[in-house]
Amino acid sequence: MPALPGFRDFYPEDCARRNYVVKTWREVAQTYGFVEYDGPTLEGGDLYRKKNEEGAEILEQLYSFRDRGDREVALRPEMTPTLARMVAAREKHFRKPMKWFCVSNFFRHERQQKGRLREFLQFNADILGESSPEADAEIVALAVDLMRGFGFSREHFVVRLSDRRAWRDFLASRGCDPSQSQAVLACADKIERESPEKLDEKLAASGLTVVDLKNFIAAGSPESFAPVLAALEARGMSDFIEPDLSIVRGLAYYTGVVFEIFDRSKNLRALAGGGRYDNLIKGLSDGASDLPAIGFGMGDVVLGHLIDEIPAADGKRRSVAIPACEVYVVVADEAQRPNALKIVQQLRDQGWKTDFSLKPAKVGRQFQDAEGLSARHAVVVGAEWPAVKLKTLATRQEIAIAHPELTGHLEKLRAGSPG
RNA sequence: GUGGCCGUAGCUCAAUGGUAGAGCUCCAGAUUGUGGUUCUGGCUGUUGCGGGUUCGAGUCCCGUCGGUCACCCCA
């Protein structure tokens, strides 16, 4: 009986991978001064209805049901509504700008495919209460440094940076009705994938053509996000950034800078995406709170695929793997098992990852177990008690010492060995 | 919701229409205190399920379920 479609079992190896990703997200976000928050997995269904009444798609992909109190509830498909709710409730308690991040699981009921599951982990970071380009740059820089934190470099990924204001100004200059702007942006988003004829059809009401859009994208029109680029350049991140107006993102609520991160080989879908949404908090909180905001999300699924693909990233993940066992205590003489247990407990008290055989076993077998656990050291407790043997498995070097000296010797070995 | 591909042991996969196999993993051993190698033995199957064709179906046909990839969509 397998897990439900789009849901994952996390065997120890999978858990280790997940923990590595989460740990990296946290550590990098904290170097930027972001603080962690979280909300409930289950929310009231109206929280998501409020935001996107016309878009029926989100409601179809919502895991929603009635709970035992006949309350309409839903598993969170994203973090922003929860964030808006939390911020609106206590906005006055926090000094601005607020730099918040979270690592949470999300649920979307859709057909699974590569890089898309029904439950996934996502890192979200937002800066609230600051509308300057510096804030935009800070968010983009965090995204870049997250990727670098996983061992990716400029040949592996690129941040494609755009700005909704550039589009808004362009549309206004062409006398395009604001009601058409969403449709035009949707076409811009599809400009690589759909036929020009079809796109021209969709663009008819706006008075624009595919050629118009392509010319605008080609021109670049970087004025509106030039300050962001300057701030990123000052951080030495220019190599990671590619201005690209064809990035518009599907969401209607973005108001300024928008960006997505792609792998250079373009084998995968976007690794991260986000943008500025200065009106959303106000809308979601019914006016209770009005804060400019910019944020982005990075999911664990596509990221995991890219780590698998890129040796530098995969190697980094391996290099920080946490061993399951550092010291394996061999019970060479069952009569000494109580003393062996004493040693085991002593080692554990001092923080050594320590394991041993739970049942009588031949010494050879116990060493095999130690190998299987990738233990660094073995301690042989046998007839020579109160002396024990300390063996370093990789070098096969073994010394006999009195057991009270054991932990001291181990500390010396730990200090002397890398990693 | 639409379409392509794939369903055989725990995993990766074989098997001209003719007795369902291999490798890996796992478990247990190889003259009583030292290793991931080696050797020996062992476990696991309604070949996704249901029909049909045939003397005979893992194999061919139909249906169905599941998986996967892509489209749609992407909060």
Side-chain angles (χ1 to χ4, degrees), chain A residues 1-7 9 11 13 43 47-63 74-84 106-118 120 122 124 185-186 189-190 193-194 248-254 258 260 267-270 272-275 277 280 283-284 295-297 299 301-302 305 328-336 340 357 359-385 387-398 400:
Chain A
M1 189 198 285
L4 289 169
F7 288 78
D9 294 322
Y11 289 91
E13 187 189 340
E43 288 275 16
L47 183 65
Y48 304 110
R49 289 182 201 294
K50 188 186 295 178
K51 182 176 168 186
N52 216 331
E53 279 175 285
E54 62 269 30
E57 193 71 30
I58 181 171
L59 300 180
E60 280 174 26
Q61 295 191 345
L62 213 52
Y63 269 96
L75 293 169
R76 58 183 170 197
E78 56 164 331
M79 203 60 198
T80 310
T82 297
L83 174 64
F106 299 97
F107 304 84
R108 296 178 189 177
H109 189 98
E110 57 189 338
R111 292 280 284 269
Q112 76 157 320
Q113 47 191 292
K114 191 174 186 185
R116 299 181 79 173
L117 300 174
R118 288 180 169 179
F120 55 93
Q122 188 167 288
N124 287 273
L185 290 176
D189 187 46
K190 291 186 173 66
R193 308 194 298 270
E194 211 160 329
V248 297
R249 300 203 33 91
L251 294 169
Y253 59 62
Y254 287 119
V258 291
E260 294 185 343
N267 284 334
L268 304 168
R269 57 187 76 236
Y277 51 97
L280 186 64
L284 280 171
F296 74 99
V301 183
V302 179
H305 283 135
Y328 191 97
V329 175
V330 173
V331 185
D333 178 358
E334 276 302 315
Q336 298 299 330
S357 175
K359 62 180 180 185
K362 291 178 181 176
V363 172
R365 177 54 199 262
Q366 293 185 63
F367 270 91
Q368 282 178 17
D369 283 346
E371 287 287 352
L373 293 168
S374 301
R376 191 186 300 267
H377 303 289
V379 173
V380 181
V381 179
E384 59 272 35
W385 183 269
V388 297
K389 287 173 181 166
L390 172 58
K391 184 165 187 175
T392 300
L393 292 173
T395 62
R396 292 175 183 256
Q397 286 179 332
E398 188 177 80

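FYI, side chains are in, hydrogens and waters are out, and symmetry mates aren't considered; it's all heavy atoms of this structure. In what follows, chains are A, B, ... by sequence order, proteins preceding strands, each numbered from 1.
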B:U12 and B:G4: how far apart are their P atoms, nearest whole angstrom? 25 Å

Take atom P in B:U19 and the same atom in B:C13, then report the distance between them in whole Å. 25 Å

In whole Å, measure the gap between the P atoms of B:U16 and B:U68 for me. 29 Å

For A:E260 and B:C73, what is the distance between atoms CD and C1' respectively, to the nearest whole Å? 14 Å

Think A:Q368 has a side-chain N or O under 4.0 angstrom from the OP1 or OP2 of B:G36? yes

Heavy-atom side-chain contact between A:T82 and A:Y48 under 4.5 Å: yes

With the side chain defined as heavy atoms from C-beta on, A:R108 is closest, among B:G36, B:U34, B:C74, to B:C74

Atom-to-atom span, CZ of A:R116 to C1' of B:A70 - whole angstrom: 11 Å

With a 4.5 Å cut-off on side-chain heavy atoms, are A:K389 and A:E384 touching? yes

Closest to the A:K114 side chain: B:U34, B:C69, B:G33? B:C69

Please measure how far the C1' atom in B:U44 lies from the corresponding atom in B:C55, and state the result in whole Å. 33 Å

To the side chain of A:R111, which of B:C72, B:G3, B:A28 is closest? B:G3

Which residue, A:Y254 or A:K389, contacts RNA chain B at a nucleotide closer to its 5' end, judged by nearest heavy atom? A:K389

Indicate, with a heavy-atom threshold strictly under 4.0 Å, whether A:E384 touches base, sugar-phosphate, or nothing. base

Pick the C1' atom in B:U25 and in B:A9, then give their distance to the nearest Å. 11 Å

Whole-Å gap separating C1' (B:G33) and CH2 (A:W385): 17 Å

Nucleotide paired to B:G3 in any strand shown, Watson-Crick or G-U, under 3.5 Å: B:C69

So does A:R365 get a side-chain nitrogen or oxygen closer than 4.0 Å to the phosphate oxygens (OP1/OP2) of B:A28? yes

Determine: side-chain N/O of A:K190 to OP1/OP2 of B:C72, distance under 4.0 Å, yes or no. no

Looking only at atom types and distance, does a side-chain atom of A:R269 sit under 3.5 Å from a main-chain N or O of A:K114, one as donor and one as acceptor? yes

Return the nucleotide paired to B:G33: Watson-Crick means purine N1 to pyrimidine N3 with N6-O4 or O6-N4, wobble means G-U with N1-O2 and O6-N3, both under 3.5 Å. none

Could you state the CG-C1' distance from A:D333 to B:U34, rounded to the nearest angstrom? 15 Å

With a non-hydrogen cut-off below 4.0 angstrom, is A:K391 in contact with a base, only sugar-phosphate, or nothing? base

Rounded distance in Å between the P positions of B:U2 and B:G45: 37 Å

Over how many whole Å does the gap from A:N267 atom CG to B:A70 atom C1' extend? 14 Å

Between P of B:C73 and CG of A:D189, the distance in whole Å: 9 Å

Using the ring of each side chain (for Trp, its six-membered ring), is A:F120 parallel, tilted or perpendicular to A:F106, with breaks at 30° and 60°? tilted

Touch class at under 4.0 angstrom, heavy-atom based, for A:V330 against every strand present: nothing

C1' gap between B:U46 and B:G7, integer Å: 15 Å

For B:C13, what is the paired nucleotide under Watson-Crick or G-U wobble rules, both distances under 3.5 Å? B:G21

Whole angstrom is fine here: how far is it from CD in A:Q61 over to P in B:C72? 14 Å

Could you please name the option among B:G33, B:C72, B:A30 that lies closest to any side-chain atom of A:K362? B:A30

B:G41 and B:C65: how far apart are their C1' atoms, nearest whole angstrom? 39 Å

Between B:C71 (C1') and A:E110 (CD): distance, integer Å: 13 Å

Result for side-chain contact (heavy atoms from CB on, under 4.5 Å) between A:Y63 and one of A:R108, A:R76, A:R118 points to A:R118

Does A:Q366 reach a base, just sugar-phosphate, or nothing at all? Heavy atoms under 4.0 Å. nothing

Minimum heavy-atom distance between A:L390 and A:V379, given as atom pair plus value: CD1-CG2, 3.9 Å

So, does the side chain of A:R269 form a donor-acceptor pair with the base of B:C74 at under 3.5 Å? no

What does B:U8 pair with, Watson-Crick or G-U, if both distances are under 3.5 Å? none

Under a 3.5 Å limit on both distances, the Watson-Crick or wobble mate of B:C27 is B:G41

Just name whichever nucleotide pairs with B:G56, Watson-Crick or G-U, keeping both distances under 3.5 Å, else none. none

Please test A:Y328 against A:L393 for side-chain contact (heavy atoms from CB on, under 4.5 Å), starting from the C-alpha separation and ending with a verdict. CA-CA 10 Å; A:Y328 191 97; A:L393 292 173; 5.8 Å; no

Counting distance only, does the side-chain N/O of A:S357 pair as donor-acceptor with the main-chain N or O of A:K359 below 3.5 Å? yes

For A:A270, answer base if it contacts any base atom (sugar-phosphate contacts may also be present), sugar-phosphate if it contacts only those atoms, and nothing otherwise; contact means non-hydrogen atoms under 4.0 Å. nothing

Of all the choices, B:A70, B:A28, B:C73, which nucleotide is nearest to the side chain of A:Q113 once you look at every atom? B:A70

Donor-acceptor pair (no angle test) under 3.5 Å: A:Q112 side chain, B:U68 base: no

